[in-house]
Asks: 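Pasting in a structure now, in structure tokens, and then I'll have a few things to ask.
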Amino acid sequence: MARILLAEDEDVLRMLVLDTLEDEGYTIDEATDGDEAYQKIMSEHYDLVLLDYMMPGMTGIEVIEKVRQHPDKQQLKIMMLTAKSQQSDRERAQEIGANYFFSKPFSPLELIDVVGGILSDHPVD
């Protein structure tokens, strides 16, 4: 089963996503800030990174910018999780290398569908 890094600073939301995806059989690693997320991305292999837009330390945007500088991380699938819903935020995230953009709040079932679609290379819009 796929290995996912979940980078989210809000404890309640992180636990909700963790429980939801673990129940589906995914292996989940956690990071509580951007610096920790970056370190884990650079030292481990993940099939997907779920990255909060706004976190302490490096923001999700800053993490993506640094990660995408590494040739061996160009194909890493990254989905931004965010309460920011402005089109400009979405465009900025995509410009710097986010593959997907998922708005908070969301239902666990919707998350399962989207993650499953991404990992099977059939993203759900």
Side-chain angles (χ1 to χ4, degrees):
M1 194 44 99
R3 186 167 181 208
I4 298 171
L5 175 63
L6 169 60
E8 170 63 59
D9 62 316
E10 293 179 40
D11 292 339
V12 173
L13 184 56
R14 191 174 63 255
M15 292 310 296
L16 171 67
V17 172
L18 178 75
D19 290 345
T20 298
L21 295 179
E22 281 184 338
D23 286 350
E24 293 298 306
Y26 297 111
T27 300
I28 311 295
D29 287 348
E30 300 174 64
T32 58
D33 62 46
D35 298 318
E36 183 182 9
Y38 177 74
Q39 293 302 319
K40 287 186 175 188
I41 291 168
M42 297 312 298
S43 64
E44 302 290 334
H45 168 77
Y46 295 103
D47 299 293
L48 175 63
V49 174
L50 305 180
L51 190 62
D52 188 14
Y53 199 104
M54 296 180 293
M55 289 185 291
M58 282 191 277
T59 66
I61 293 290
E62 292 167 330
V63 171
I64 294 172
E65 286 175 325
K66 286 186 74 171
V67 165
R68 292 301 191 212
Q69 292 174 9
H70 297 271
D72 62 329
K73 300 295 181 182
Q74 293 299 310
Q75 299 306 311
L76 177 62
K77 295 175 183 179
I78 300 175
M79 180 169 71
M80 297 293 299
L81 298 176
T82 184
K84 292 173 142 298
S85 58
Q86 298 294 320
Q87 184 63 27
S88 60
D89 296 323
R90 181 182 298 258
E91 289 169 1
R92 173 76 175 124
Q94 290 173 332
E95 283 171 12
I96 55 103
N99 304 101
Y100 311 97
F101 199 87
F102 199 62
S103 297
K104 299 176 193 175
F106 50 82
S107 77
L109 292 176
E110 183 182 14
L111 178 65
I112 291 166
D113 287 346
V114 170
V115 167
I118 291 168
L119 292 171
S120 68
D121 290 322
H122 297 95
V124 178
D125 287 335

Asks: If the test is side-chain contact (heavy atoms from CB on, under 4.5 Å), which one of Val115, Val49, Thr27, Leu18 qualifies with Ile4?
Replies: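 Considering Val115, Val49, Thr27, Leu18, a side-chain contact (heavy atoms from CB on, under 4.5 Å) with Ile4 is found only for Val115.
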Asks: OH of Tyr100 to CZ of Arg90: how many Å apart, nearest 0.5 Å?
Replies: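 Here the interatomic distance stands at 13.5 Å.
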Asks: Sub-3.5 Å donor-acceptor pair from the side chain of Lys77 to the main-chain atoms of Ile118, do we have one?
Replies: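 Confirmed, Lys77 side chain pairs with Ile118 backbone.
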Asks: Does any N or O in the side chain of Lys73 come within less than 3.5 Å of the main-chain N or O of Ile41, such that one atom is a donor and the other an acceptor?
Replies: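 Yes; judged by distance alone, with no hydrogens or angles, the pair exists.
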Asks: How close do Met80 and Ala93 get, heavy atom to heavy atom, and via which atoms?
Replies: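 Nearest heavy atoms, Met80 then Ala93: CG-CB, 3.9 Å.
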Asks: When rounded to the nearest 0.5 angstrom, what distance separates CE in Met42 from CG in Leu76?
Replies: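 Met42 CE to Leu76 CG: 9.5 Å, rounded to 0.5 Å.
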Asks: Can you tell which of Ile28, Leu50, Asp29 makes a side-chain contact (heavy atoms from CB on, under 4.5 Å) with Leu5?
Replies: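 For Leu5, the side-chain contact (heavy atoms from CB on, under 4.5 Å) check succeeds only for Asp29.
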Asks: Among all residues two or more places apart in sequence or in another chain, which pass the side chain to side chain donor-acceptor pair (under 3.5 Å) test with Tyr53?
Replies: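 In terms of side chain to side chain donor-acceptor pair (under 3.5 Å), with neighbours along the sequence ignored, Tyr53 is linked to no residue.
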Asks: Are any side-chain N or O atoms of Asn99 and backbone N or O atoms of Ile78, one a donor and one an acceptor, separated by less than 3.5 Å?
Replies: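 Pair found, side chain donor or acceptor close to backbone of Ile78.
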Asks: Decide whether Ile112 and Leu13 are clustered together by the hydrophobic rule: side chain heavy atoms of Ile, Leu, Val, Met, Phe, Trp, Tyr closer than 4.5 Å, transitively.
Replies: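 Hydrophobic grouping puts Ile112 apart from Leu13.
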Asks: Do the side chains of Tyr26 and Leu119 get nearer than 4.5 Å, heavy atoms only?
Replies: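 Leu119 vs Tyr26: side chains touch.
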Asks: Between Glu36 and Lys40, does any NZ, NE, NH1 or NH2 come within less than 4.0 Å of an OD or OE carboxylate oxygen?
Replies: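 Salt bridge between Lys40 and Glu36, a charged N being under 4.0 Å from a carboxylate O: yes.
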Asks: Please check if the number of heavy atoms outside Gln75 that lie under 6.0 Å from its CD is greater than 12.
Replies: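 Atom CD in Gln75 is not crowded, with 12 or fewer foreign heavy atoms closer than 6.0 Å.
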Asks: List in chain and number order the residues that pass side chain to side chain contact (heavy atoms under 4.5 Å, CB included) with Ser107, two or more places apart in sequence or in another chain; answer none if no residue qualifies.
Replies: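 Partners of Ser107 by the side chain to side chain contact (heavy atoms under 4.5 Å, CB included) criterion, ordered by chain and then number, come out as Leu109, Glu110.
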Asks: Less than 4.5 Å apart, any side-chain heavy atom of Arg92 and any of Ile96?
Replies: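 They are in side-chain contact.
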Asks: Keeping Arg68 on the side-chain end and Gln74 on the backbone end, is there a donor-acceptor pair under 3.5 Å?
Replies: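 Checking the backbone N and O of Gln74 against the side chain of Arg68, a donor-acceptor pair under 3.5 Å is found.
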Asks: Look at Asp11 together with Arg14 and state whether they make a salt bridge at an N to O cut-off of under 4.0 Å.
Replies: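 Result for this pair is yes, salt bridge flagged.
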Asks: Got a sec, which residues hit side chain to side chain donor-acceptor pair (under 3.5 Å) with Lys104, two or more places apart in sequence or on another chain?
Replies: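 Only Glu8, Asp52 meet the side chain to side chain donor-acceptor pair (under 3.5 Å) criterion with Lys104.
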Asks: Between atom CE of Met1 and atom CD of Glu24, what is the distance when rounded to the nearest 0.5 Å?
Replies: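 Nearest 0.5 Å value for the CE-CD distance: 7.5 Å.
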Asks: Is a donor on one side and an acceptor on the other found under 3.5 Å between the side chain of Asp33 and the backbone of Met55?
Replies: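 Judged by distance alone, no pair lies under 3.5 Å.
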Asks: For a quick test of reading the model, state the closest non-hydrogen atom pair linking Ala2 to Asp47 and the distance between them.
Replies: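 That would be CA-OD2, 3.3 Å.
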Asks: If every non-hydrogen atom of Ala98 is compared with every non-hydrogen atom of Ile64, which pair is closest and at what distance?
Replies: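 Looking at all heavy atoms of both residues, the shortest contact is CB-CD1, 3.8 Å.
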Asks: Please report the shortest heavy-atom distance between Phe101 and Met79, naming the atom on each side.
Replies: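 Of all heavy-atom pairs spanning Phe101 and Met79, the closest is N-CG, 4.4 Å.
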Asks: For a quick test of reading the model, state the closest non-hydrogen atom pair linking Gly34 to Val63 and the distance between them.
Replies: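 Reported closest heavy-atom pair: O-CG2, 3.4 Å.
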Asks: Quick one: does any side-chain atom of Glu22 pair with a main-chain N or O of Asp19 as donor and acceptor, under 3.5 Å?
Replies: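 No.
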Asks: Grab the two heavy atoms, one from Leu51 and one from Ala7, that are nearest each other, plus how far apart they are.
Replies: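 So the minimum-distance heavy-atom pair works out to CD1-CB, 3.6 Å.
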Asks: Decide yes or no on side chain to side chain contact (heavy atoms under 4.5 Å, CB included) for Thr59 and Met54, but give the supporting numbers first.
Replies: CA-CA 5 Å; Thr59 66; Met54 296 180 293; 5.9 Å; no
